[in-house]
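First comes the structure, then the notes that go with it.
Remember, it's a predicted structure, so these values are computed and weren't measured experimentally.
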Amino acid sequence: MSSDSIDPAVRERLETLDRLRRLKYLLWAAILGAVVGVTYWGLGFIGFQAGVVANRFPAMYEFISRGFFPPDFQNFTVYTKDNNITGLQAIPASFRNWGQPIFESFQSSRLSLVKASLVTLLLGFMGTVIAFPFALILGVLGSERVTPFPFNFLFRGTLSAIRAIPAIVWIFLYIPIGPPSQITAVLAIGTDSIGNLGRLFTDDLEEIEEGPIEAIRSTGASSTQTVSFGMLSQVSRSFIAWTLYILEINTRIAISLGVVGAGGLGLMIRNSQDLFEFQQTAAGLIMVFIVVLGIELISSRIRARLRPGEHSSKGVVEAVRDLFNPNKWLGRGDPRN
């Protein structure tokens with residue numbers, strides 16, 4: 001079909017769409033150019049020198065390969081530490097007598113990798129539990145569907161103020177309660193989570209459907225009943241999923257707070273570095289990877305089963321197995337299997 005046979009209105013519409021498409025490409029090119037330009041300027045502003053970094057890579061590689069490997073798990077449990085069981089042999093040795101050395105390490109006052117891992121998980125978990133009710137209250141009141149504008153911004157502003165201060169700063173703000181410790185770490189993680197979790201709750205409430213709310217109101221329900229049964233019922237699964245996601249983040253935060261004295265894996269990694277025991281530092285880093293990966297796998301499986309229509313969700317074993325499936329990484333085969 002020749003271009004002359006096309007209806008003028010259709011031709012004009014096609015030309016408009018073509019101009020919009022070119023404008024979109026130009027806009028993306030401008031954004032990309034701005035990002036590259038700011039990045040280049042920023043590297044120069046902080047004094048980054050690519051040549052210096054490249055020249056030091058061989059020394060860094062030699063330091064890591066010789067200083068960190070093989071990892072030394074001597075501090076895996078109190079039993080392996082007392083019996084001088086080093087290297088990877090300390091891991092199977094800790095599972096003797098149905099894991100008795102591990103349970104003994106949990107009860108001991110001495111530091112070990114398994115106890116530090118448990119402390120890290122508990123710090124993240126307790127901080128999340130403490131934050132949830134406060135985040136729920138502020139998140140609900142921060143929604144314009146519950147609190148009229150502009151009064152809802154009093155609660156949104158509170159969440160923003162809390163979120164503006166990272167957890168590693170909150171732990172120092174709690175110094176009047178005590179020096180950086182496991183107690184102040186829980187308070188810092190909980191405070192930080194109130195801001196992050198509350199904001200997610202507020203955003204979710206802004207996206208709910210109006211129909212169920214009107215249906216509840218038409219029955220003569222009170223404001224509290226409308227919020228509970230008309231609003232929160234629509235986002236209950238989403239709220240649980242967001243809470244589990246924040247739990248993943250809090251586990252990482254607990255590790256970083258350990259470096260400043262809050263205990264857990266972060267403290268053991270810092271202590272081994274201070275003593276130049278880099279092989280034990282490597283063992284601590286491996287435990288960080290295992291803890292973070294484990295909590296993410298469990299959390300992602302629970303969140304997957306909370307999604308509507310998710311009846312054939314894979315278990316943790318299948319999820320771990322898929323990590324080593326090359327077809328998954330290459331995008332081959334049936335994505336449902």
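The main-chain N or O of Glu206 is never found under 3.5 Å from a side-chain atom of Glu144 such that the two would form a donor-acceptor pair.
Contact annotation: the side chain of Ile269 never approaches that of Val259 to less than 4.5 Å [non-hydrogen atoms, C-beta and beyond]. Counting only heavy atoms from C-beta outward, the side chains of Arg22 and Asp18 approach each other to under 4.5 Å. At least one side-chain heavy atom of Arg56 sits less than 4.5 Å from a side-chain heavy atom of Val52. Within the 4.5 Å cutoff, no side-chain heavy atoms of Leu27 are placed close to those of Leu23. Inter-residue side-chain proximity for Arg110 and Asp82 is flagged as met; some heavy-atom pair is nearer than 4.5 Å. Between Gln100 and Tyr79, the closest side-chain pair of non-hydrogen atoms is not below 4.5 Å. Counting heavy atoms from C-beta outward, Leu173 and Thr191 have side chains that stay 4.5 Å or more apart. For the pair Ile246 and Phe132, the minimum side-chain heavy-atom distance is 4.5 Å or more.
A tilted orientation is assigned to the rings of Phe95 and Phe76, their planes being inclined by 30° to 60°. Classification of the Phe106-Phe103 ring pair by plane angle, with boundaries at 30° and 60°, yields perpendicular.
Under a cut-off of 6.0 angstrom, the local environment of CD in Glu214 is crowded, with over 12 non-hydrogen atoms contributed by other residues, nucleotides or ligands. Counting heavy-atom neighbours within 6.0 Å of Phe239 CZ, excluding the residue itself, gives a total above 12. Atom CH2 of Trp170 has more than 12 heavy atoms from other residues, nucleotides or ligands within 6.0 Å. Heavy atoms from other residues, nucleotides or ligands lying under 6.0 Å from CD of Gln49 number 12 at most. Heavy-atom contacts from other residues, nucleotides or ligands closer than 6.0 Å to CZ of Phe125 number 12 or fewer. Within 6.0 Å of OH in Tyr245 there are 12 or fewer heavy atoms belonging to other residues, nucleotides or ligands.
Under the 3.5 Å distance criterion, with hydrogens and angles disregarded, no donor-acceptor pair is assigned to the side chains of Arg13 and Thr16.
Sorted by first and then second residue, the side-chain hydrogen bond (donor to acceptor under 3.5 Å, both in side chains) pairs with a member in residues 119-138 read Thr128-Asn250; sequence neighbours excluded.
Considering every non-hydrogen atom in both Leu123 and Ile189, the closest pair reads O-CD1, 3.8 Å. Nearest heavy atoms, Pro101 versus Arg96: CD-O, 3.3 Å.
Hydrophobic clustering, with ILVMFWY side chains joined whenever heavy atoms are under 4.5 angstrom apart, groups Val140 together with Met231. Connection of Ile175 to Leu187 is established within a shared hydrophobic cluster, with ILVMFWY side chains joined at heavy-atom distances below 4.5 Å, either directly or through further cluster members. Tyr174 and Leu257 end up in the same hydrophobic cluster when Ile, Leu, Val, Met, Phe, Trp and Tyr side chains are linked at under 4.5 Å. Grouping the Ile, Leu, Val, Met, Phe, Trp and Tyr side chains by contacts below 4.5 angstrom, directly or via other members, places Tyr25 apart from Leu14. Both Phe289 and Leu297 are part of a single hydrophobic cluster, where members link through side-chain heavy atoms under 4.5 Å apart.
Separation of atoms OG (Ser108) and NZ (Lys81) is listed at 12.5 Å; rounding is to 0.5 Å. Atom CZ of Arg199 sits about 6.5 Å away from atom OG of Ser160, to the nearest 0.5 Å. Annotation: the span from Ser105 atom OG to Leu111 atom CG amounts to 10.5 Å, rounded to 0.5 Å. Note that the CD1 atom of Ile290 and the CD1 atom of Ile295 stand 14.0 Å from one another [nearest 0.5 Å]. One distance of note links CE of Met126 with CD1 of Ile183; it measures 9.5 Å at 0.5 Å rounding.
Thr77 meets the side chain to side chain donor-acceptor pair (under 3.5 Å) test with Thr80, Ser94; sequence neighbours excluded.
Residue Phe149 is found in a hydrophobic cluster whose other members, listed by chain and number, are Phe153; membership requires side-chain heavy atoms under 4.5 Å apart, directly or through intermediates.
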